[in-house]
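Each remark here refers to the structure printed beneath this line.
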Amino acid sequence: MLPVNPSIKTSVLTTTNDDTHIIDQLLDETHHLALIQAKFENEKHNRSFFDGFSDLEMIYYYVHQRKDIQTSKQRKQSTKMEYIRELIQFYKYLKQSEDFIRNDVEIYHETSLLKNLKQRHIEAYQQWLSTYQYGQKKQVYRVTTLSRKLVILKSFFRFLFDSNYIQEALYTRILDAKITKDDLPNRDLEESEVKALLDFYKSNILKSTLIKLLATTGMRIRELSEAKWGNISKDTNGYWLQIIGKGNKKREVKILHHVYLDLCRLRDRRGLSNQISKTDSSPLFPNKMNLHYSFKYLSNFVVDMVKSSNLPFVTERNDTNNISPHFFRHHYACRSIEKGASIYQVSRSLGHESIQTTELYLSKMMNRNQHASNVWDEEEY
């Protein structure tokens, strides 16, 4: 049997409070082949597929497992990073609870923490997660954050059970954190507020173009940061940009003519061609080095840009509700409905898998539009 890569060890988690080292190891795709070979050897010798695998090797295999024969449809590096961070948070909790778990089970597996877990341990973690306070402001997680964490954890435990690594279907004990309209932060951004930002930054081609792109396309900041100029095309209806959204799903967004011209001006300053060509792999929205912005940098850039304007609608908000790029996505959804688009058109344009997600975006506006008081005369009484 080929040895399972020895460089990934459970004990790494106990050596430092800094997660960087273990995250780097779990992101390193060069270990994947050794684990696949070990799995094949187990199968050949009629052993359990994951016999001899450590807990962290199971995390590694889960994160890097292939979901589709096409390489382009595998998990993105950023998605893998998100999964690893969430699972490492859970595993560190287990390491800190190791002595308790050891004394709490009848038979303790020395080589694996995951194999010792019972329903009560999963429920205790969920209780801890729901009350955990993070950051300098000691805030508890929002429902949207809890939902994401629990979805990843449930998927991982289903993988462990289906792989016969653990014997109990613990994923069935992981609760849902259902998101309602009341759980979503206030992300209202009025047309007048977007226009105020554009007026404030009208002499800055970079910032004004960025605002226009976000407000008029509904793109996610990651989609914008990864978009390529070569994915622009033109037809009788105007300019279209093909982007890759969540789950590596492709869709098109329309680039309004005046926004396209601003993009061309920005690219002129960067010394890049504005000729539409499928072979042009340069970024749609390039940085000073004519490379793609990282989506996290660009997201923080938008937050700081809006905050620095000190416009009244910005300063009236509290510090915990920064105006992020996602506000512009909500703005696009609401303005599209106001201009006559159907909720189905908006849902498709935003790349939502479910129309219920779109309804959450629009709930406040739709409630107002459908309010009974709208039939009253303004001069009544």
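Computed from a predicted model, the values in this text were never measured in an experiment.
The shortest heavy-atom contact between N116 and S112 is ND2-O, 2.5 Å. C264 and N274 get closest at one heavy-atom pair: O-ND2, 3.2 Å. Between M81 and I23, the shortest heavy-atom distance links the atoms SD-CG2, 3.6 Å. Scanning both residues, E29 and K80, for their nearest heavy atoms gives OE2-NZ, 2.9 Å. Of all heavy-atom pairs spanning D55 and L113, the tightest one is OD2-N, 2.7 Å. Between S233 and E252, the closest heavy-atom pair is OG-OE2, 4.2 Å.
Within 6.0 Å of atom NZ in K195, 12 or fewer heavy atoms from other residues, nucleotides or ligands are found, so the atom counts as exposed in its surroundings. Heavy atoms from other residues, nucleotides or ligands lying under 6.0 Å from OH of Y108 number more than 12. Within 6.0 Å of atom NZ in K250, 12 or fewer heavy atoms from other residues, nucleotides or ligands are found, so the atom counts as exposed in its surroundings. Annotation: Q275, atom CD; neighbour count of heavy atoms from other residues, nucleotides and ligands within 6.0 Å does not exceed 12. For R102, the CZ atom is densely surrounded, since the number of other residues' heavy atoms within 6.0 Å is greater than 12.
Considering CG of L224 and CG of L210, their distance stands at 6.5 Å, rounded to 0.5 Å. The distance from atom CD of E316 to atom CG of L311, rounded to the nearest 0.5 Å, is 10.5 Å. Separation of atoms NZ (K228) and OG (S281) is listed at 6.0 Å; rounding is to 0.5 Å. Once rounded to the nearest 0.5 Å, the distance linking NE2 of H257 with CG of D262 reads 10.0 Å. For the atom pair R173 CZ and K154 NZ, the distance stands at 11.0 Å (nearest 0.5 Å). Here the straight-line distance linking atom CG of D199 with atom NZ of K202 works out to 4.5 Å at 0.5 Å rounding.
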TODO: Give the C-alpha distance, both sets of side-chain angles, the deciding distance and a yes or no for side chain to side chain donor-acceptor pair (under 3.5 Å) between D51 and H45.
DONE: CA-CA 11 Å; D51 184 50; H45 292 89; over 6 Å; no
Open item on the list: Evaluate I243 against M219 for side chain to side chain contact (heavy atoms under 4.5 Å, CB included), listing each step before the verdict.
Closed with: CA-CA 9 Å; I243 57 178; M219 276 191 286; 3.7 Å; yes
Task: Verdict with reasoning, K44 to E41, per salt bridge (charged side-chain N to carboxylate O under 4.0 Å, His left out) - done: CA-CA 5 Å; K44 185 188 298 184; E41 288 296 315; 3.4 Å; yes
Open item on the list: Please evaluate residues D280 and S282 with respect to the criterion side chain to side chain donor-acceptor pair (under 3.5 Å), reporting the C-alpha separation (whole Å), side-chain torsions for both, the decisive distance (0.1 Å), and the verdict.
Closed with: CA-CA 6 Å; D280 192 334; S282 65; 2.6 Å; yes
TODO: Mind running side chain to side chain contact (heavy atoms under 4.5 Å, CB included) on H121 and L94 for me, showing each step along the way?
DONE: CA-CA 9 Å; H121 304 136; L94 294 185; 5.8 Å; no
Open item on the list: Could you walk me through whether L35 and Y60 satisfy the side chain to side chain contact (heavy atoms under 4.5 Å, CB included) test, starting with their C-alpha distance in whole Å, then the side-chain angles of each, then the deciding distance to 0.1 Å, before giving a yes or no?
Closed with: CA-CA 9 Å; L35 294 183; Y60 180 96; 3.2 Å; yes
Task: side chain to side chain donor-acceptor pair (under 3.5 Å) between T216 and R335, worked out - done: CA-CA 9 Å; T216 64; R335 298 298 82 76; over 6 Å; no
TODO: Decide salt bridge (charged side-chain N to carboxylate O under 4.0 Å, His left out) for E223 and R251; before the verdict, give the C-alpha distance in whole Å, the side-chain angles of both, and the deciding distance to 0.1 Å.
DONE: CA-CA 10 Å; E223 295 167 346; R251 75 176 193 281; 2.8 Å; yes
Task: Test log, rule ring-ring contact (aromatic ring centres under 6.0 Å, His included), inputs F157 and F90 - done: CA-CA 12 Å; F157 269 92; F90 169 68; 5.6 Å; yes
Open item on the list: Please evaluate residues F327 and H331 with respect to the criterion ring-ring contact (aromatic ring centres under 6.0 Å, His included), reporting the C-alpha separation (whole Å), side-chain torsions for both, the decisive distance (0.1 Å), and the verdict.
Closed with: CA-CA 6 Å; F327 278 64; H331 167 83; over 10 Å; no
Task: Audit row: I166, L117, side chain to side chain contact (heavy atoms under 4.5 Å, CB included) steps and yes/no - done: CA-CA 9 Å; I166 61 175; L117 296 182; over 6 Å; no
TODO: Applying salt bridge (charged side-chain N to carboxylate O under 4.0 Å, His left out), run through E353 and K246 and close with a yes or a no.
DONE: CA-CA 9 Å; E353 285 191 1; K246 286 186 175 181; over 6 Å; no
- [ ] Could you give me the CA-CA distance, side-chain angles and deciding distance for Q167 and K115, then say whether side chain to side chain donor-acceptor pair (under 3.5 Å) is met?
- [x] CA-CA 8 Å; Q167 303 307 309; K115 291 180 179 181; over 6 Å; no
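Taking the six-membered ring where the residue is Trp, the centroids of Y141 and W128 are separated by 6.0 Å or more. A distance of 6.0 Å or more separates the ring centres of Y132 and Y125.
Among the candidates Y62, Y83, Y171, the single residue satisfying the side-chain hydrogen bond (donor to acceptor under 3.5 Å, both in side chains) test with S155 is Y62. Just one of T217, L214, L350 meets the side-chain contact (heavy atoms from CB on, under 4.5 Å) condition when paired with Y332; it is L350.
Residues M58 and L33 do not share a hydrophobic cluster, clusters being chains of Ile/Leu/Val/Met/Phe/Trp/Tyr side chains in contact below 4.5 Å. One hydrophobic cluster, built from ILVMFWY side chains closer than 4.5 Å, cannot hold both V151 and F156; they sit in different ones. Cluster membership check: I122 shares its hydrophobic cluster with I88, using side-chain heavy-atom separations under 4.5 Å among Ile, Leu, Val, Met, Phe, Trp and Tyr. Linking ILVMFWY side-chain heavy atoms closer than 4.5 Å, directly or via other members, places L27 and V63 in a single hydrophobic cluster. Hydrophobic clustering (side-chain heavy atoms under 4.5 Å, transitive across Ile, Leu, Val, Met, Phe, Trp, Tyr) groups I276 together with F285.
Stacking of K254 on the aromatic ring of Y239 is not recorded, the 6.0 Å distance cut-off and the 45° axial limit not both being met. Geometrically, K39 does not engage Y61 in a cation-pi contact, judged by NZ or CZ lying under 6.0 Å from the ring centre and within 45° of the ring axis.
R267 and S273 share no side-chain donor-acceptor pair at under 3.5 Å. Side chains of S324 and N322: a donor-acceptor N/O pair is absent below 3.5 angstrom, by distance only. E57 and S54 share a side-chain donor-acceptor pair at under 3.5 Å.
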Which atom pairs, one a donor and one an acceptor, fall under 3.5 Å between side chains of residues 292-300 and the rest of the protein, sequence neighbours left out?
residue	atom	partner	partner atom	Å
H292	ND1	S225	O	2.8
S294	OG	Y297	N	3.1
N300	ND2	K296	O	3.3

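At distances below 3.5 Å, at least one donor-acceptor pair connects side-chain atoms of S208 with backbone N or O atoms of N204.
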